[in-house]
Amino acid sequence: MIEAVIHAYVETAEPAGSRTIAKRFNLGISAATIRNTMSDLEERGYLYHPHTSAGRIPTDLAYRVYVNSLMSRMLPTTDELDTLRRELVDGRSAIEDILRKAAQVLGVLTSELGVAVAPSFDSAILDRLELVHASSERILMVLLIRGGVARTIFVEVKSGFPRDALPSLAAVLNERLSGLTLAEIRNTVRERLRDANVEGAKTELLNIFIEEADQLFQGDPNDGSGVLLSSAQMLAEQPEFSSNEKMRELLEITEQPHVLKNALQRRHGLGVRVTIGEEHQNPKLRGFTLITSRYESNGLTGVLGVMGPTRMPYDKVVALVENTSRLLTDFI
């Protein structure tokens, strides 16, 4: 009965009544028996009446029972898998680009908010770095991590720096820093570069890398940076966000990425994690469900998934999140 009510409510966004359940699902019992069973389930905390409606809505507890014991895991369709592969494999190697694509395609396929957190790079080993002239006051530093992952960072410099100094400066940095983790680089960069054989403008540029090492070789920022979200437009069009109050709750979360980042970084362990409504520690997330899975490649781990109202097709979303995580692990 819980499963039938959930399916009816997910499909229609309307409270499910006994007649509706009897017509939509071949349960082999009368509408009167369904009505009595629903009343019993309400007393036990699995269903509730919204206002004076004759129909009932699943509670967070009902969704939890459904996810843990009743849900049949769906398989993504061939078209959905083709879309995932096509969007993720586009020739770009920067991890942020791949994660952004993953969040976007999950958002589109599920009609929820796609979310992803870039991995912590503290334990990532620097294979080599490249310095590229971006503008008169900016250098693009490309960190190539062992295993093929790339990370890009802009370095602010004084106007008019000599472009021809970049290749030899990159050579010095690679000689002294390659093979180290980003954590080791941050902790020892001053000692490792102190006696580097550079002069003139190169010395000034080298000092920037020494003084700003904590930011340039940062493994895991404490703010909300590193959180990647899909467009919230499709999610905002769902019935749950028709009221101004619910829409403000959604906007508040998307505008404060540290809230999501803190929640996502606590999701350890393998497999898909589903947190429903009141199960969230942060009150700002208690009107939502968060479905995530960890991805891993070459020692780098992170989280991706979707966030939406508690009324969502869990069987479909769980399967898509799980498969996207597997594809992402392969592609990064």
Side-chain angles (χ1 to χ4, degrees), residues 10 60 63-64 66-68 71 73-76 80-81 83-84 87-88 95-121 220-221 224-232 234-235 238 240 249-250 253-254 256-297 299-332:
V10 167
D60 292 349
Y63 287 124
R64 173 50 60 196
Y66 172 74
V67 169
N68 287 356
M71 181 180 73
R73 189 73 60 89
M74 289 182 62
L75 294 176
E80 289 170 338
L81 289 175
T83 298
L84 285 170
E87 293 297 328
L88 293 179
I95 184 67
E96 287 84 358
D97 289 335
I98 299 174
L99 287 172
R100 187 173 291 105
K101 276 288 187 180
Q104 289 173 349
V105 72
L106 269 178
V108 170
L109 292 177
T110 63
S111 297
E112 314 290 353
L113 181 71
V115 298
V117 174
S120 171
F121 280 78
D220 183 23
S225 60
V227 176
L228 303 167
L229 305 177
S230 69
S231 169
M234 295 181 70
L235 180 59
Q238 295 196 33
E240 283 81 356
E249 291 178 4
L250 175 61
I253 291 175
T254 58
Q256 297 180 5
H258 67 277
V259 173
L260 271 177
K261 184 171 185 177
N262 290 338
L264 292 169
Q265 288 183 324
R266 295 193 185 101
R267 303 172 85 80
H268 304 292
L270 300 176
V272 177
R273 292 280 305 278
V274 181
T275 307
I276 303 168
E278 293 295 323
E279 296 173 355
H280 287 287
Q281 294 182 8
N282 192 322
K284 294 181 179 179
L285 297 174
R286 288 179 182 168
F288 301 89
T289 283
L290 195 57
I291 300 180
T292 62
S293 180
R294 295 187 69 81
Y295 61 86
E296 180 176 1
S297 183
L300 299 178
T301 61
V303 178
L304 84 156
V306 301
M307 186 187 77
T310 55
R311 183 192 65 86
M312 68 165 62
Y314 288 89
D315 48 1
K316 173 184 177 180
V317 175
V318 166
L320 284 169
V321 169
E322 185 175 45
N323 279 269
T324 305
S325 173
R326 290 174 181 171
L327 289 173
L328 189 60
T329 293
D330 292 338
F331 294 152
I332 64 175

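Basis for what follows: all heavy atoms, side chains included, without hydrogens, waters or symmetry-related copies.
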Nearest heavy-atom pair of [X] and [Y]: which atoms, and what distance?
X      : Y      : result
Ser230 : Gly107 : OG-CA, 3.9 Å
Asp60  : Glu278 : OD2-N, 2.9 Å
Val274 : Glu279 : O-OE1, 3.9 Å
Met307 : Glu112 : O-CB, 3.5 Å
Arg286 : His280 : NE-O, 2.9 Å
Leu290 : Ala263 : CD2-CB, 4.4 Å

Hey, is the main chain of Ser325 close enough, under 3.5 Å, to the side chain of Thr329 for a donor-acceptor pair? yes

Look at the side chain of Arg311 and the backbone N and O of Val10, then say whether any donor-acceptor pair between them is shorter than 3.5 Å. yes

Could you grab the distance from atom [atom1] of [X] to atom [atom2] of [Y], nearest 0.5 Å is fine?
X      : Y      : atom1 : atom2 : value
Leu327 : Leu88  : CG    : CG    : 6.5 Å
Ile253 : Leu285 : CD1   : CG    : 5.0 Å
Ser111 : Leu235 : OG    : CG    : 9.0 Å
Leu260 : Thr254 : CG    : OG1   : 8.5 Å
Leu75  : Leu81  : CG    : CG    : 8.5 Å
Thr110 : Glu80  : OG1   : CD    : 9.5 Å

Pro76 and its side-chain contact (heavy atoms from CB on, under 4.5 Å) partner, picked from Leu84, Asn323, Thr83, Leu109: Asn323

Which of Thr275, Ile276, Val317 passes side-chain contact (heavy atoms from CB on, under 4.5 Å) with Thr289? It is Ile276

Return the orientation label for the Tyr66 and Tyr314 ring planes: parallel under 30°, perpendicular over 60°, tilted otherwise. perpendicular

